[in-house]
Engineer: 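Dropping a structure here in structure tokens format, bear with me for questions.
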Amino acid sequence: MRLKSFIAVSAIAAGVAECAAFEWEPLITQPNPSVDVAQLYQLASLSFHCNGIDGVEMTDIMPKWIDEDGNEVVAFSGEHDPWGWDATEFQYNFDVNEFKSNGEYILQFPEGMLLNAAGEKSAVVEIPYTFDINDLAGAMFDDFRVISITPDLSQPQGFWSEQPVTVNTNHNDAVGLTTLQVIDKTTGESMFISSNFSTGRGLGDSSAISWTCQGTFKFLEGHQYSAEFIFYNGSNDYTDAGPTPVVDRKTYEFTGKIEGFKYSDVELLSVTPDPEFVTISEPSQAVITFKFSAPVTVYRAETPLGQNGIVSYTSSCLSSNGDKTEWTLDLSDDEYVKTVDSMLSIYIYVRDEDGNQLKGDYGAESESCFIREWQCDLGAKPIVLVSPAAGARIDRLTEVVVKSESGEPMTWSWNGEVNIMDEDGVILGSLAFDEEKYSEDSSSVEFKFTKIMDDSWNIAPIDISKAGNYTVVFSSGCFVFGSEFDSYYSRSLTSAFTITGGSGVQSVAAASGSIVYDLNGRIVLRNAASSGLNKLPKGIYVMDGKKLVVK
């Protein structure tokens, strides 16, 4: 079959630089023109590198596919440097539903699609393709059926570990992406979603759809399960051109056959110190007591570390009362806790007297545990509140300044929280860190906060003027000292101050024998108690070193 030519390129007058067309070459084009296109979804996205040209930009002109009869499929969108790392990369998107037939096509990059730094337009480029488009692609098949499946999901299932799944249908060649979702219908939980994309199938290829479901899964006795297969035509369930056509769906129901985990009815009643209200600041506070509703045995206690590490505490750290309803984990002499970060996490595993495990906070239908976490200052470095200073009396609050006590640089960690509270303990807002005021590593000996965020995430300048008593509370770990592998967190810090309110002066009751001065230091009233302040003109004065206002 002879390929028709669809473009006549006009000669452009030499010497007219703004109208000249520069020569260029699209490099590493996807899909590759040297390979027949066997699946429709591959045409939805066209990407290429612009070879040998610097400073090229896109125009509004789009590339197009043209079939033997001159029908065109024009890209509906394009993007320059779509992944943000290579300015020579371009990507254009097409509606795959507009491709109708097999045969020979031309991919055309029209003249003027690109513009170089000199203002010259790109010359036309045409690349021939041969399409082998599956005419049945994307259709729903009235006769679609699953011929076989392994494992047999019509039978009860017990335990899957890295389970291979193999599916044969009467239309394997029309299937690209296949997904399998298994749902525990008894609990309503999705157990897992697994998928496979088989490449290289051509029309008439009946090779099996097969892959391995990663992970380990238990199917419990008395639970009903649903396994749904969705067979797509494309490599994904959605492309830039729209939803990928679904070839078909098949759902299987099966029961579990592993006896479920049996938990004790004993409950954890309380933990001291209370994780909600106590920050562990001294080693003596790292003595934790767990109280239960009946006798139990705590058979394991641990703290998780990063990268799946664990510190397991020895039995010497654990003790119980006489009837084993209270268990104490004593970490006051443990070297690990003295260097713990801003959060101390304790996991405990517990069994009752019959050997049944207590159902804790983690690990449903498996070995479970109770998890408690405390803000922790052990091993942390102190910080100092510069403004407002502890016990300060100020007119209004517009900024909070904190520094490291040691003078070492520290970095805002984004894990901590700084709250301003009134005398009733109501949080007025959290201080918002302004990284624009700092260098790229956000490191400094002193940090100034000038903005506050409310519970709706609204940020505004700090401006608190209502008279009253307040506290600034820095949680543990607001800042980090040192490098990644040799670092320390900041200690918690609570500091109280008072806002006097008003116009910046304080009304003071006159004392016997007191002397009142004007702001220039001149005596204006002696023995203020007997003379009375009402004899003074309205204004601001100083008495016994304190400002006052006479109204």
Side-chain angles (χ1 to χ4, degrees), residues 84-85 275 278-283 285-286 303-311 335-346 373-390 392 397-421 427-455 457-462 464 470-497:
W85 58 272
V278 175
T279 295
I280 297 179
S281 300
E282 303 297 334
Q285 292 179 287
T303 290
L305 301 176
Q307 302 298 321
N308 298 319
I310 290 176
V311 169
E335 289 301 317
Y336 170 72
V337 177
K338 290 180 176 59
T339 57
V340 77
D341 64 20
S342 62
M343 187 69 70
L344 173 61
S345 300
I346 300 296
E373 295 182 325
W374 289 260
Q375 291 285 325
C376 186
D377 280 339
L378 299 181
K381 294 197 173 187
I383 55 177
V384 178
L385 194 62
V386 177
S387 177
L397 183 68
T398 58
E399 67 178 27
V400 174
V401 182
V402 65
K403 70 177 183 178
S404 66
E405 185 179 81
S406 63
E408 297 175 70
M410 56 188 183
T411 303
W412 177 250
S413 73
W414 299 104
N415 294 320
E417 188 175 85
V418 189
N419 292 322
I420 299 179
M421 297 188 292
I427 296 176
L428 305 181
S430 300
L431 299 188
F433 173 62
D434 188 355
E435 61 182 332
E436 294 180 2
K437 295 180 180 294
Y438 295 89
S439 59
E440 195 169 289
D441 63 358
S442 300
S443 179
S444 177
V445 173
E446 182 176 282
F447 280 75
K448 179 186 291 185
F449 297 87
T450 59
K451 298 176 182 177
I452 194 168
M453 179 173 63
D454 63 20
D455 55 7
W457 297 79
N458 299 310
I459 296 178
I462 301 173
I464 302 176
Y470 297 84
T471 52
V472 178
V473 181
F474 287 77
S475 66
S476 302
C478 283
F479 302 96
V480 178
F481 297 81
S483 60
E484 180 180 1
F485 297 105
D486 186 21
S487 61
Y488 296 87
Y489 285 85
S490 61
R491 290 177 66 92
S492 60
L493 173 66
T494 299
S495 183
F497 64 96

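As a basis for the values below, the full set of heavy atoms in this structure was taken, side chains included, without hydrogen atoms, waters or symmetry mates. Residue numbers count from 1 along this sequence.
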Engineer: C376 versus S476: any side-chain heavy-atom pair under 4.5 Å?
Structural biologist: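 The answer is no, as the side chains (C-beta and beyond) never meet within the 4.5 Å cut-off.
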Engineer: When rounded to the nearest 0.5 angstrom, what distance separates CD1 in I280 from CD in Q375?
Structural biologist: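 Here the rounded value is 10.0 Å.
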Engineer: Counting C-beta onward and ignoring hydrogens, is there a side-chain heavy-atom pair between V401 and K403 closer than 4.5 Å?
Structural biologist: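 No. Closest side-chain heavy atoms not under 4.5 Å.
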Engineer: At their closest point, which heavy atom of L493 faces which heavy atom of L385, and how far apart are they?
Structural biologist: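 The pair with the smallest heavy-atom distance is CD2-N, 3.7 Å.
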Engineer: To the nearest 0.5 Å, how far apart are CG in D454 and CD1 in I427?
Structural biologist: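 If I round to the nearest 0.5 Å, the distance is 12.0 Å.
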Engineer: Are the side chains of I462 and L431 in contact, using a 4.5 Å heavy-atom criterion?
Structural biologist: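 Answer yes - side chains close enough.
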Engineer: Can you give me the closest heavy-atom contact between S495 and A389, atom names plus distance?
Structural biologist: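 Heavy atoms only, the tightest pair is OG-C, 4.4 Å.
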Engineer: Between S443 and M410, is a side-chain contact (heavy atoms from CB on, under 4.5 Å) present by the stated rule, with each step listed?
Structural biologist: CA-CA 5 Å; S443 179; M410 56 188 183; over 6 Å; no
Engineer: Is there a side-chain contact (heavy atoms from CB on, under 4.5 Å) between V278 and Q285? Walk through the geometry before answering.
Structural biologist: CA-CA 9 Å; V278 175; Q285 292 179 287; 4.0 Å; yes
Engineer: On a heavy-atom basis, which atom in E405 and which in P382 lie closest, and how many Å separate them?
Structural biologist: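 Shortest heavy-atom separation between E405 and P382 comes out as OE1-CG, 3.1 Å.
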Engineer: Can you confirm whether V418 sits close enough to V473 that some side-chain heavy atom of one is under 4.5 Å from a side-chain heavy atom of the other?
Structural biologist: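 With C-beta onward as the side chain, the pair stays apart.
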Engineer: Using the test salt bridge (charged side-chain N to carboxylate O under 4.0 Å, His left out), find all partners of E417 that sit at least two apart in sequence or belong to another chain.
Structural biologist: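 Partners of E417 by the salt bridge (charged side-chain N to carboxylate O under 4.0 Å, His left out) criterion come out as none, since no residue qualifies.
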Engineer: List the atom of W412, the atom of F447, and the distance in Å for their closest heavy-atom pair.
Structural biologist: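 Heavy-atom minimum between the residues: N-CZ, 3.9 Å.
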Engineer: Could you tell me the separation between the CD atom of E446 and the OG atom of S387, rounded to the nearest 0.5 Å?
Structural biologist: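 These two atoms lie 9.5 Å from each other.
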Engineer: Look up atom OG1 in T471 and atom CE in M421, then write down how far apart they are to the nearest 0.5 Å.
Structural biologist: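 Atom-to-atom, T471:OG1 and M421:CE are 4.0 Å apart.
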Engineer: With a 4.5 Å limit on heavy-atom distance, are the side chains of Y470 and L397 in contact?
Structural biologist: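 No, every pair of side-chain atoms sits at 4.5 Å or beyond.
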Engineer: Verify side-chain contact (heavy atoms from CB on, under 4.5 Å) between V386 and V400, making sure each step is shown before the conclusion.
Structural biologist: CA-CA 8 Å; V386 177; V400 174; over 6 Å; no
Engineer: Would you check if L428 and I464 make a side-chain contact, meaning some heavy-atom pair closer than 4.5 Å?
Structural biologist: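 They are in side-chain contact.
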Engineer: Ignoring hydrogens and geometry, is there a side-chain-to-backbone donor-acceptor pair from S490 to F479 under 3.5 Å?
Structural biologist: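 Yes.
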Engineer: Would you say that T303 contacts L344 through its side chain, given a criterion of any heavy-atom pair below 4.5 Å between the two side chains?
Structural biologist: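 In contact.
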Engineer: Distance from S406 atom OG to I383 atom CD1, nearest 0.5 Å?
Structural biologist: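 Going from OG on S406 over to CD1 on I383, the span is 11.0 Å.
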Engineer: Among all residues two or more places apart in sequence or in another chain, which pass the salt bridge (charged side-chain N to carboxylate O under 4.0 Å, His left out) test with E408?
Structural biologist: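 If we apply the salt bridge (charged side-chain N to carboxylate O under 4.0 Å, His left out) test to E408, skipping adjacent residues, the hits are K381.
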Engineer: Could you check whether any side-chain heavy atom of D377 comes within less than 4.5 Å of a side-chain heavy atom of T279, counting everything from C-beta outward?
Structural biologist: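 Yes, close enough: below the 4.5 Å cut-off.
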Engineer: Determine the minimum heavy-atom distance between S413 and V480, stating which atoms define it.
Structural biologist: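 The answer is CB-CG2, 3.6 Å.
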Engineer: Can you give me the closest heavy-atom contact between E373 and P275, atom names plus distance?
Structural biologist: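 Looks like O-CB, 3.1 Å.
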Engineer: Among all residues two or more places apart in sequence or in another chain, which pass the ring pair (Phe, Tyr, Trp, His ring centres under 6.0 Å) test with F474?
Structural biologist: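 With neighbours one apart ignored, the set is empty.
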Engineer: Measure centre to centre between the rings of F481 and Y489, then say whether the value is under 6.0 Å.
Structural biologist: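 Ring centres of Y489 and F481 not closer than 6.0 Å.
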Engineer: Got a second to check how far I420's CD1 is from S430's OG, nearest 0.5 Å?
Structural biologist: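 One gets 9.0 Å once the value is rounded to the nearest 0.5 Å.
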